[in-house]
Structure formats: structure tokens, C-alpha cells
**Q** 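Structure incoming, see below.
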Number of protein chains: 2
Amino acid sequence: MPVRMKDIAEDLGVSLMTVSKALRNHPGVAEETRRRVCQRARELDYEPNLIARSLAGHRSFLIGLVVPDLMHSFFAEVAKGIEGRLAPSGYQIVICSSGEDTETELRAIKLLLARKVDGLIIASAAPHASRSMVELLEGGKARYVLIDRVVLNGKANYVGVNDDKAGFLATEHLIEQGCTRIAHLRGSMVSTGRGRLRGYHRALAKHGLKVPLEYVISGGHQDSTGYDAMQRLLQLNPRPDGVFCYNDPVAIGAMRAIIEAGLDVPHDIAVVGAGNIRYSDMLHVPLSTINYSTLQVGQSAAELLLQCIESKTPLPPKRILFPPRLVVRKSSLRHPPPASGIGRVLASAQLQKHAR
Amino acid sequence: MPVRMKDIAEDLGVSLMTVSKALRNHPGVAEETRRRVCQRARELDYEPNLIARSLAGHRSFLIGLVVPDLMHSFFAEVAKGIEGRLAPSGYQIVICSSGEDTETELRAIKLLLARKVDGLIIASAAPHASRSMVELLEGGKARYVLIDRVVLNGKANYVGVNDDKAGFLATEHLIEQGCTRIAHLRGSMVSTGRGRLRGYHRALAKHGLKVPLEYVISGGHQDSTGYDAMQRLLQLNPRPDGVFCYNDPVAIGAMRAIIEAGLDVPHDIAVVGAGNIRYSDMLHVPLSTINYSTLQVGQSAAELLLQCIESKTPLPPKRILFPPRLVVRKSSLRHPPPASGIGRVLASAQLQKHAR
DNA sequence: TAGCACAAATTTACCGCTACATATGAAATG
DNA sequence: CATTTCATATGTAGCGGTAAATTTGTGCTA
């Protein structure tokens, strides 16, 4: 059995509370006593039982993180950002992946709350705030920050990226590249999906482009579904000459479909993704994409959550949006800008590579 | 304040213990009573306080996972495998990334033990078992499984891949492709690094190939370090005509260096990585690599850990090795096999794509 | 020298739950 | 009818800490 405070106390002939205070650097302990206690604790390899401490202290130093998919490099990077910000303060992270399933997500949140995590960071799989979710989160005094996908309109802390703008940037870029029949492999109707779709429409409208309804279809959120969806787009007549994809994996799947159909990216069909996942610059056709400041999303979410936890009074909800940035690579570069410009674009794509 | 068992007990006019037993389906409670208790609990939205339960029950239903890098898709996938196996049994995962730093890793493990996790799964950053690590793990009654990298020789549970064989397969493949000056961008001296290096040497020896000492240099474990290391290899005279890289990120970096130097992959230099990370088949030059059954590593590790936790008596340490598998893609295909063969190889590469 | 202020140490009372031991009472036994 | 038996229900005693109230003891003032 491991050493307990009680053991140290008896060993030293002092009271339990003296030990407790001494170890936590609480005031009200003589310097001399504190030294003796700390030394003995070190000698005995004492480690406080964090479970007991959590129960008595109403503080677990655990943060729950709920994401749709651990494997997706976006969430992996977010998780890394969160951990980086939280670990120095002594917090650890309980990670749950919902597999994009609302039920699983809800169960995970419930379990995390039962575990008395000090806070939650959630990238929800739910398209809208379900009643149960709201009750769960607002019912208790839970501190939480939503990331990536908005679920509770306005009322909650949120850190993410301006998805509308992302969609707009990507689509306008395709237009500038001379595409006129621009399709969109949209995501599910979570806020990121909705935002990118809205931006896509906004860009088309601004430039007076009309596209058939069938040009917007669901591409799922991974390469396999993107592949399938793109095959359907390829059947259309006239077929699109540009595609904005919900995310990079979908775009990668789409490119595979296009290339397998014997067509050229970008000249037959230009492709833009979103997320700038790792190695998207090293792909067969380097992928143009929208860069999301992923690490920062994680860090800010952690930062914000810490503030909520530390503060005594509930803070007014904050909403942090990072601006997306267009990264041009070969998959959309069908129509090279004037000679002087091409160097700049490529150079910036190059820089992009080494930025990581 | 949330509802407690005590509240339900008073409400129903039964004792606390009756409630406790009823809710956990313990024997010794009348069916009728159990129903009443459970119903009231549901009505009041009772959720057991898991902290208290852990403290009293000596069981936290938490598993600690320590990995060098969350962002690395290998570990992300392992984590996914672990979670998939553990979540159904009610366990959750506390994840820590050490950033390949031994000190950080040790601190994380200490913290996890102080939290009284029921078990640990560790992919250690340490090249050898440090004394403190052994004391920590063997000192208490901690259940743990090492993955990917062996640290405690033989005495511990371990799940991983046969790295020696991986190195051998990769190198022999390069030899079969006609390479004679095969370099190795080795990893650090963790067991995976050592194993792959040994396999590399074994393959060279078997085929009577001698290479200069400078052909084996450290390539770090990410694309940026692989890029730098490859640039150094390119200075050598004669320069290598094949490189086996510690892992895929390093291989990707190496390919970048080679291509930027104006050389061709695979004809000037053939490249093989290890890990078969996502999208390595969609790279500019699709990467030949060694496939590690990553998800399975995670699942078996979780499985093994569960057995250790469930079993009363300490089980004898087990050691599970998955066989690596060569995946041939363009980056090493310089010397096409006989016509009848080429279809097969490509077909298998193709299958590989869709296997995920 | 009684009285007071103050720091240092201790005592008491939990946190919310579980394990283990004990009590209760109705049916079964001789 | 006293006694054993059994299923059910209840106390008691923690798990290993923390917070808040209380005691102890010292030096200082009036």
C-alpha cells in the first residue's frame, strides 16, 4: 500500500492537517515544520491520492475532450493544442471520440460529468443542440467550451474558424481560376458544414454564377465517401469544372475519383479542400485548401476554459473565430497568374510546407 | 447540487445501502425494492459520483495512455483502437503526450498513478528502462502494457510489431529492386529504431552487400528532420540509390529533399518508409512502406490490459508481436517485375487503398 | 500579572460512495 | 413453540483527503 498523509503525520508526531497544509504550501504552518514534513514525504516517496483530493476538494484537475474522430488530423492537432496549454497547469485530459454519433457523444458527456471533470471541450457531432445536451450542459454548473462546431446558438463559449469565410474564399478562388461550373461536396449539417455551404453560395451569388441543384451533394467527411460522391458528380452533364470539398480527406477521395476517371486535376476539374491536413502538400496533386489555425483553436479553447474554471463568477460567453486562409497549391492552379505572380504563389505554397 | 444516493434513500424511506446495492444490481435486494429505487433514481436524474465511487471502490475505470506524439497518425490510430475496445466496458482514457521527452513522460506516469488509473498503456520515449521508470511501474501494483516500443526487457506486457522483420522486408525489397547502395535514415535508439536498424543490417548481410558507415544516419522521426538528414545523404559520394526510412513522415521529408535536388524517385533513389500512414498512397510519389496493423495493436493492448485488471492473480507477462507487411507503391518500383507480375503488384497496392 | 493578539497546531465534520458485519423478521424445521 | 434458516434491510467504518472551527501556547501590552 502506498504511503498516506496519515503515515507521515504519525511518523513525525504531528497532526494530519499539518501535513496536508505543509504539502500544499498553505499558510499557518511554521517554516521549520513544513521543511520536516516535505523532506519526510520525499523520503517516503509520498504521492497524494488525487481521487481523495478531488472528492474532498471539489476539483478533479481533469478536463473532458469530446471529438468526433481521433484519427482525423484536425482533431488530433486540436487535442495537442489543448494538452499543451493545459498540462503545465496540472490538468490532464480524458478523451472520448463519438464517432460522429450523437448518442455516443451524449453518453460520453454524461460519463465525464459523473466523473466531475472540471471542464469540457466539445466538438459536437450534433447538427443542432438537442434538448438533452442543453439540459446536461446548462443543468449543472459545468464549464464548457465548444470548438469547431457551434451547437448552442450564441449562449455558449465557442472557439472555431469562420467557416462561411472559408467557403467563400475557396469558391471565389475557383471562380478566379476560371471555373464556371463549381460543385460542392458538402459535409453534414453541423455548423461547419452549414457555414462552408453558405460561403460557397455567397461567392457564387457575388459573381453571378448559377449552378444546377445537383452540384451540391453530400460528400461525407472522409476520403472514401468523398470518392463515392465525386463519382456521382462525374456522371452529371455538364460535369463540373471545379469542386470545393467539405474537408481535405473528402477532397483527397474526390481527386482519386477524378484521376481514376482519366481526367486531370486541375485542368479538367480543379479541387479545393479545407483543413490543410498534414502532407496535403505532398499529395500526388498537391491540394489547395483552406488553412485552419488548428493548434491555436485548441490552445484558445483551453485558455478560455481555464479562465472559466479559475473565475469565481460565471463569465459571459465568449466567441472566438480565427480567420481562415487560402493555401493555393497545384490542385486548383489551372490558370497560372501573370509570370511575376506565379513565383509568389508557389513561393507561398513552399513557405506553407515548412511552416509546420 | 446534484442528487445523491442519500437523497434517494431518504425520499424513499430506505437505507443508503439499499439504494447503493439496488443501483448496482447487487444481490440481496428485493426485486420490488430495486424497481422502486431505480425508478426514483431515473426520475431524479441521479448520476453516481464516480469520484466517490472510485475512492470507496478502489477502481477508477480510467486508463492512462502515454504516447510520444498525439499528432502522429500511428499513435492517433492506436489511441482509437484502444478507445474502441475500452469504452464498451465503461473505461475512459486519460491521454498524455510526452513529446518524446523522457522527463515529461515520467511526470505524466507519476500523475496518472496518483490518479489511481486502473491501468496504463505506454509507448515510451525512453531508449532503455530508466531506474525511476521501473520503480514507478513495478513498485506499486500497477497494471500496464507497453506498446510499440519495448522498454523493460521481457518482464513486461508488450504489444507491438516485429520491427526487425520490418527493417528486413523493406531493405530486402530495395535490394530486389536493384539497389546496391542502400542507406538508412534511422530513428532514435528506442526499440523500434533499433529493431528496424537490425533488420536493415540483416538484409544487407544476407545479400552480401556492404555499405559505407555514413549511409546510416539519424533521420529523427518527422518530415522536417527527414528532409534535413536526406540532404546530408545527398552530399555523399557515391550517393545512395535506395533509402529505408525509419517511418513515413521521415520518408516524406526525404522524398521532398530528393525531388528538390532535381532527382527522381524511385529511379535515382528508391524510398521505403514504415508505418503506412494515412494518405501515403496519395502522395506525389506514392510511398512504399511497411504496414503496421495499427488499430489492432491498440485493440490488443487494451484487451491485454483488461485481462490484467480483471484477473485477481497477476498474470505472467505476455508479448504480442504483429507481423509487418510490405506495401509496394511507386516510390520503390524502379525495376518493374515481369509483365504478368506488374498487374498483381499494382492491384495489391490498389486494394491497399481501399482497405481503409 | 491579567488580558489580548496572533501564529501554529489540532479537532471535528464532512466529500459521496462501498465493503463488511450485523440486525430484523417471516417461513421452515424438529 | 423454541430454534434454525434464509432473504432482506440496516449500521458501522472506512477510502484519503480538505475546509472551517477550535485549541494551544507564546510574546506583548496595559
Side-chain angles (χ1 to χ4, degrees), chain A residues 1-38 40-41 44-62 90 111 113-118 140-141 312, chain B residues 1-38 40-41 44-62 90 111 113-118 140-141 312:
Chain A
M1 277 303 116
V3 198
R4 299 156 305 165
M5 281 193 179
K6 205 182 163 195
D7 303 321
I8 301 183
E10 285 169 1
D11 188 290
L12 250 48
V14 296
S15 81
L16 188 90
M17 271 320 292
T18 307
V19 177
S20 169
K21 284 180 172 173
L23 290 175
R24 284 176 303 144
N25 278 351
H26 256 229
V29 179
E31 204 38 59
E32 160 67 8
T33 317
R34 186 188 309 285
R35 272 205 315 91
R36 286 202 313 149
V37 171
C38 291
R40 199 84 193 92
L44 295 176
D45 260 328
Y46 170 78
E47 289 291 336
N49 180 325
L50 296 187
I51 299 225
R53 180 175 279 182
S54 303
L55 182 60
H58 307 281
R59 195 79 183 283
S60 64
F61 282 93
L62 277 180
L111 203 53
L113 290 175
R115 250 185 222 301
K116 306 295 168 189
V117 294
D118 291 339
K141 44 158 200 30
K312 287 286 108 185
Chain B
M1 274 302 117
V3 197
R4 297 157 305 165
M5 280 193 181
K6 206 183 162 193
D7 302 321
I8 300 183
E10 286 170 359
D11 187 290
L12 249 47
V14 297
S15 80
L16 185 75
M17 275 318 295
T18 306
V19 176
S20 169
K21 283 180 174 173
L23 289 175
R24 283 176 304 146
N25 278 350
H26 257 228
V29 179
E31 205 37 58
E32 160 67 10
T33 317
R34 185 187 310 284
R35 272 205 315 92
R36 286 202 313 149
V37 171
C38 291
R40 199 85 192 91
L44 296 175
D45 259 327
Y46 170 78
E47 288 290 337
N49 180 324
L50 295 187
I51 300 226
R53 180 175 280 183
S54 303
L55 183 59
H58 307 282
R59 196 77 184 284
S60 65
F61 282 93
L62 277 179
L111 203 52
L113 290 175
R115 250 185 222 302
K116 308 296 168 188
V117 294
D118 291 339
K141 44 154 197 36
K312 287 286 108 182

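Reminder, nothing fancy here: chain letters follow the sequence lines and each chain counts from 1.
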**Q** What is the separation between atom CG on A:L23 and atom P on D:dG16, rounded to the nearest whole Å?
**A**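 So the two atoms are 16 Å apart, to the nearest Å.
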**Q** Quantify the bending of the helix from C:dT1-D:dA30 to C:dG30-D:dC1 as the angle between its end axes, each fitted on five pairs, to 10°.
**A**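 Angle reported: 70°, given to the nearest ten degrees.
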**Q** Take A:L55 and B:R24, find for each the nucleotide of DNA chain C with the closest heavy atom, and name the residue whose nucleotide sits nearer the 5' end.
**A**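 The residue mapped nearer the 5' terminus is A:L55.
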**Q** Would you kindly give the CZ-to-C1' distance between A:R53 and D:dG16, to the nearest whole Å?
**A**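 My rounded result for the distance is 11 Å.
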**Q** Quick one: B:K6 NZ to C:dC14 P, roughly how many Å, whole number?
**A**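 Those two atoms, NZ and P, are 8 Å apart.
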**Q** Decide side-chain contact (heavy atoms from CB on, under 4.5 Å) for B:R115 and A:I51; before the verdict, give the C-alpha distance in whole Å, the side-chain angles of both, and the deciding distance to 0.1 Å.
**A** CA-CA 6 Å; B:R115 250 185 222 302; A:I51 299 225; 5.6 Å; no
**Q** To the nearest 0.5 angstrom, please state how far the OG atom of A:S60 sits from the CG atom of A:L55.
**A**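 With rounding to 0.5 Å, OG (A:S60) is 11.5 Å from CG (A:L55).
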**Q** Any idea which of D:dG16, C:dC15, D:dG14 is nearest the A:H58 side chain?
**A**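 Among the listed nucleotides, the one closest to the side chain of A:H58 is C:dC15.
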**Q** Is the shortest side-chain heavy-atom distance between B:V3 and B:D45 below 4.5 Å?
**A**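 Side chain of B:V3 against side chain of B:D45, heavy atoms only: no contact under 4.5 Å found.
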**Q** With a 3.5 Å distance limit and no angle check, can you tell me whether B:T33 reaches the backbone of B:V29 through a side-chain donor-acceptor pair?
**A**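 No, the answer is negative, given that no donor and acceptor are paired below the 3.5 Å cut-off.
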**Q** Just by protein heavy atoms under 4.0 Å, how would nucleotides 7-13 of chain D read 5' to 3' in B, S and -?
**A** -SSBB--
**Q** Are any side-chain N or O atoms of B:R53 and backbone N or O atoms of B:N49, one a donor and one an acceptor, separated by less than 3.5 Å?
**A**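 Side chain of B:R53 to backbone of B:N49: no pair is present.
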**Q** Take the protein atom CD of B:E10 and the nucleotide atom P of C:dC17, then report the distance between them rounded to whole Å.
**A**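 Computing the B:E10:CD to C:dC17:P distance gives 12 Å.
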**Q** May I ask you to say what B:P48 touches in the nucleic acid, namely base, sugar-phosphate or nothing, with a heavy-atom cut-off under 4.0 Å?
**A**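 If one applies the 4.0 Å heavy-atom cut-off, B:P48 turns out to touch the sugar-phosphate alone, with no base involved.
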**Q** Quick one: CG on A:D7 to OH on A:Y46, what's the gap to the nearest 0.5 Å?
**A**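 A:D7 atom CG to A:Y46 atom OH measures 9.5 Å (nearest 0.5 Å).
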**Q** Without placing hydrogens or testing angles, list every side-chain donor-acceptor pair under 3.5 Å for residues 8-16 of chain B, not counting sequence neighbours.
**A**
residue : atom : partner : partner atom : Å
B:D11   : OD1  : B:R40   : NE           : 2.8
B:D11   : OD2  : B:R40   : NH2          : 3.4
B:S15   : OG   : B:M17   : N            : 3.4
B:S15   : OG   : B:T18   : N            : 3.3
B:S15   : OG   : B:T18   : OG1          : 3.0

**Q** Locate the shortest heavy-atom distance separating B:L111 from A:G90; write the atom from each residue and the value.
**A**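 Minimum heavy-atom separation between B:L111 and A:G90: CD2-O, 4.3 Å.
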**Q** Got a list of protein N/O to nucleotides 22-25 of chain D N/O distances below 3.5 Å?
**A**
none

**Q** Hey, could you give me the CG/SG distance between A:N25 and A:C38, rounded to the nearest 0.5 Å?
**A**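 Rounded to the nearest 0.5 Å, the CG-SG separation comes out at 6.5 Å.
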**Q** Take the protein atom CD of A:E32 and the nucleotide atom P of C:dA8, then report the distance between them rounded to whole Å.
**A**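 It works out to 12 Å between those atoms.
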**Q** A:R59 CZ to D:dT18 P: how many Å, rounded?
**A**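 The distance from CZ of A:R59 to P of D:dT18 comes to 13 Å, rounded to the nearest Å.
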**Q** Round to the nearest Å and state the distance from A:H26 atom NE2 to C:dA7 atom C1'.
**A**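 Taking atom C1' of C:dA7 as the reference, NE2 of A:H26 is at 16 Å.
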**Q** Determine whether B:K116 and A:L50 make a side-chain contact, defined as any pair of heavy atoms from C-beta on separated by less than 4.5 Å.
**A**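 Side-chain contact under 4.5 Å: no.
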**Q** Tell me the interatomic distance from A:N49, atom CG, to C:dC15, atom C1', rounded to whole angstroms.
**A**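 In whole Å, C:dC15 C1' and A:N49 CG are 13 Å from each other.
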**Q** Just the atom pairs and distances: protein N or O near nucleotides 26-28 of chain D's N or O, under 3.5 Å.
**A**
none

**Q** Please answer whether the main-chain N or O of B:H26 pairs with a side-chain N or O of B:R34 as donor and acceptor at a distance below 3.5 Å.
**A**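 Confirmed, B:R34 side chain pairs with B:H26 backbone.
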**Q** Is the shortest side-chain N/O distance from A:Y46 to OP1 or OP2 of D:dG17 below 4.0 Å?
**A**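 The answer is yes; a side-chain N or O of A:Y46 sits under 4.0 Å from OP1 or OP2.
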**Q** Checking A:F61 now: which residues fulfil ring-ring contact (aromatic ring centres under 6.0 Å, His included) with it, not counting sequence neighbours?
**A**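 ring-ring contact (aromatic ring centres under 6.0 Å, His included) list for A:F61, sorted by chain: A:Y91.
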**Q** Enter the distance from A:E47:CD to B:L113:CG here, rounded to the nearest 0.5 Å.
**A**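 So the CD of A:E47 and the CG of B:L113 are separated by 8.5 Å.
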**Q** Taking the side chain from A:R24 and the backbone from A:S20, do they hold a donor-acceptor pair closer than 3.5 Å?
**A**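 Checking the backbone N and O of A:S20 against the side chain of A:R24, a donor-acceptor pair under 3.5 Å is found.
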